[in-house]
Structure formats: C-alpha cells, structure tokens
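One structure is given here, and the rest of the page talks about it.
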Amino acid sequence: MRTKSLGDLLADTPWVRSLPNSVRERVMADAYETYHDPKDVVARKGDVAQSWMGVAEGFVKASSVVRSGKVVMFSGLPAGAWFGEGSVIRRTIRQYDIIAMRRSRVLHIPRATFRWLLETNIDFNHFIIDHLNARLAQFMAMTETDRMTDPVVKVARAISGLFDPIIYPGLGPLLQVSQEELGELAGLTRQSANAAVKALQAAGLVRAEYGGLLIMQLDALRNLKEP
DNA sequence: ACATTAAATTCGA
DNA sequence: TCGAATTTAATGT
C-alpha cells in the first residue's frame, strides 16, 4: 500500500488547509501518528485524553461494552474523520473505547496544540463548531431512527450517516464495512442487517460486495422513509 | 446455529 | 516466487 507522509496527509486535511502558514507549521510540528492492527485499542474508555485524533487510513469505531457484554457502536469513523474533541475540550477522560476495525493509521494533535488552536484561531473555531453541530445532528437523527424505523431504514441511515460531508469528507463509493459491522452500527443482528442489505440491493440503492458495499444512490439512502 | 463461499496466509517446490 | 493447500472471515439461509 502506497502511503503518504504525515506532512502530506495533514496538508490535505481541510481544517489544516484553512490555517495561516505560521499556525500550520506548529500543527505540523506537534502532530504525530500511530498505526493499528484490527481489534487494537486506539484509545480506551476511562483514559485521560491526550490528543484529538483523525483517521488517515482504515476504519475505526467508537463503542462501548454494556453490562450484558453486547457491543454498542456509537459511530463508525472512516478515513477523513476527526474525533475525540469532546474529551480534549473538557479535559476529561474518554467516554468510549476507540477500536481499529481494520489496519488503520491515526493522526494525533496533542491536547495542548488543540487547545491553543481553539484559543487563538477563529477559522479553527468555525471548523470545530460546524463539526460539533454536524455530529449533534447526526446523533439526534440516530436517536430518532433508533426508536421508530424498520431495519431497512435503520441500515440505510447507518450507511448514509457515514457519508456526512462535514464530518467525513471525501469518501469513495465503496464502503468497506462487513454486514456484521453494519449490524453493530445500526443496532441490529447480523441476520437482520443481511436482510436489510438485500432489500436495499433489490431497490438498487447499494450493491453487496464481499466485505463491503458499493453505494449506488446515496441520496436515496438518506431519504428513505418507512414503508 | 450451520453450511457455503471468498479471501488471506502458509508452505513446498 | 508461483500455486496449491490450509485457515480465517464473511455471507446466505
């Protein structure tokens, strides 16, 4: 796999691009990266947050294990996603486990640098506000979807939620998420997720591939309503 | 839960 | 380094 340098990756990141040169230099100097194999814990629930993180390559998830032992995935984080600002802003511990779902490369902006950006740069503040706002909307939609919709709509929302242009910019049309993972994301068993994928395929909205989905009609997935 | 198929990895030349 | 054999992962029912 061909890999870009840390500097190139940062230079291609939207919020970094909007920074003035002098500021960008410090960000580049302070940033570091980590690599993770599937199932690796990137950050553990309960740890003190040391950095704000971005997925450069791969796919990670934010999840929690509830008492029954069941895994609840709050959010799938594809390449391009930046996350964990909550714990960094509030100087508190992480609320979720961050786990790599496949081989992943994660960029880190140290807490001090992040806070300095927040305190000194207006453009960065705008970015963070938009980001938090988009995420809030996403979680509100998720709550709503959670209670009232049938499995096919749940899965459609889970998929389209991964393509939010503000939170996850620049994703290609093929989503490498297994049906098992899709089930975790949508709060369904793999079996129901499988049935839902079939239904979406029959409707021509996605194509099922081994280990992933080809997204055919993103808007239709977003707008899908209960039957 | 089980059977089938795809992909990834190992192993022998 | 090639391809067959084995193991692991994902899917369909």
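Every chain is numbered from 1 and lettered A, B, ... according to where its sequence line falls, protein lines coming before strand lines. Every value quoted in this text rests on a predicted model; they were computed, and no experiment measured them.
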Between protein and nucleic acid, restricted to nucleotides 5-8 of chain C and to nitrogen or oxygen atoms under 3.5 Å apart, what atom pairs and distances do you find?
none

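- Between A/Asp30 and A/Arg26 there is a salt bridge, since at least one side-chain N of the basic residue sits less than 4.0 Å from a carboxylate O of the acidic one.
- Distances shorter than 4.0 Å separate some side-chain N or O of A/Gln179 from OP1 or OP2 on C/dG12.
- Less than 6.0 angstrom separates the ring centroid of A/Trp52 from the ring centroid of A/Phe124.
- With contacts defined as side-chain heavy-atom distances shorter than 4.5 Å, the pair A/Arg94/A/Val88 qualifies.
- Taking 4.0 Å as the cut-off between side-chain N and carboxylate O, A/Glu144 and A/Arg157 do not count as a salt-bridged pair.
- Rounded to a whole Å, the CG atom of A/Asn194 is 15 Å from the C1' atom of C/dA9.
- Between A/Lys198 and C/dT11 there is no side-chain polar atom (N or O) within less than 4.0 angstrom of OP1 or OP2.
- The interatomic distance linking A/Gln176 (CD) with C/dA9 (P) rounds to 16 Å, in whole Å.
- The two residues A/Asn121 and A/Pro20 make their nearest non-hydrogen contact at ND2-CD, 3.5 Å.
- Taking atom CD on A/Glu184 and atom P on C/dA10, their separation rounds to 11 Å, with Å as the unit.
- At a threshold of 4.0 angstrom between heavy atoms, the contacts of A/Glu209 are confined to the sugar-phosphate backbone, with no base atom among them.
- Taking atom CD of A/Glu180 as the reference point, atom C1' of C/dT11 lies 11 Å away to the nearest angstrom.
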